[in-house]
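Read through the structure below, which is laid out as structure tokens, and then see the notes.
Start at 1 and go down the list; that is how both ligands and their atoms are numbered.
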Amino acid sequence: MTGFVVKPEPIEVPGLVHLHTGKVRELYRDAQDRLVMVASDRMSAYDWVLPTEIPDKGRVLTQLSLWWFDQLADLVPNHVISTDLPAGAPADWEGRTLICRRLDMVPVEAVARGYLTGSGLKEYEVSRTVCGLALPEGLTDGSELPAPIFTPATKAEVGEHDENVSYEEVARRVGADVAAELRQTTLAVYGRAREIARDRGIILADTKFEFGYDDGTLILADEVLTPDSSRFWPADAWQPGRSQPSFDKQFVRDWLTSPASGWDHRGEAPPPELPEAVVAETSAKYVEAYERLTRMRWL
Ligand SMILES: Nc1ncnc(-c2cnn(Cc3cccc(F)c3)c2)c1Cl
């Protein structure tokens, strides 16, 4: 169950209609019927939105997403129109706000996996398949797959996990042509991104895209290839057979599961505030991910 300790009240901005509060992002519509995506400094762990914010997280991940959109522009167009702040928006939205084309969204989470873990591993352990795709024997947590696979999911109700579905089920829902274009584009973009990340010492284990259509053209939407939409693993610590350390979340996970937190992540109680040191280390990991991937300094 994805829990908020305290669900944030949407900020009122003249001319903006608030559409949705995600775990770590807000979505508005402006007077020109464009979408305004605002990334917060909230962090999620163990299916909870933590009560402590991570300074600069929203800004770093928005700028990383913009960098990826640019790297991928030859493969697929994207929904970003501008990064200008809407008139009357709070100044602290600067750098973490995207003005996007409103698309006819494909109601499928387009997931690509190059490695086996999480919900894919759970399904594999029962059936040796993921989303109905047969995989070889002998894979374990963190195993690299023989080739990246498209493992779509349907968006879950608030607080539930997305549900993995087969490619055939996707074709039933959106039609064979859209399903084929979704799979082909998802795997092409993942293939390019995983190479770029691996050259920078980061394993892109899996990632989730959202696509929409604009006048018959498939457009890459939402945020892309951030540690919130993807699993980033430090390549030098990769060791199949156990849970891999998360590039950005490991300090938080280690503290939350240590006696020091006094918290049980399998229980019903909400998580405690994070210590300053953990917050600072985590903020620095987001900046490190940005600097290593983009090869630009985060000033
Ligand atoms: N370009 C687009 N056109 C139409 N719809 C969307 C759209 C709808 N929902 N989401 C996901 C989401 C949920 C919560 C906060 C967020 F910022 C984003 C994205 C987009 Cl990005």
*Would you please name every residue forming a salt bridge (charged side-chain N to carboxylate O under 4.0 Å, His left out) with Arg29, sequence neighbours left out?*
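Result, salt bridge (charged side-chain N to carboxylate O under 4.0 Å, His left out) vs Arg29: Asp33.
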Could you list each N/O atom of ligand 1 together with any protein N/O atom closer than 3.5 Å, one pair per line with the distance?
unit_1   : atom_1 : unit_2 : atom_2 : d
ligand 1 : 1 (N)  : His79  : ND1    : 2.9
ligand 1 : 1 (N)  : Arg101 : O      : 2.7
ligand 1 : 3 (N)  : Leu103 : N      : 2.9

*Just by distance, with hydrogens left out, do Thr62 and Arg96 show a side-chain donor and acceptor under 3.5 Å apart?*
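Absent: no donor and acceptor within the cut-off.
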*Is it true that Asp206 and Arg231 have a side-chain N and a carboxylate O under 4.0 angstrom from each other?*
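Yes, Asp206 and Arg231 are salt-bridged.
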*asked:* Any carboxylate oxygen within less than 4.0 angstrom of a Lys/Arg side-chain nitrogen, looking at Lys208 and Glu223?
replied: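 Not counted as a salt bridge, because no side-chain N and carboxylate O are separated by less than 4.0 Å.
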*asked:* Using the ring centroid of each side chain, check whether His20 and Tyr28 are separated by less than 6.0 Å.
replied: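 Centroid separation for His20 and Tyr28: 6.0 Å or greater.
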*Ring centroid separation Tyr115 to Trp238 under 6.0 Å*: yes
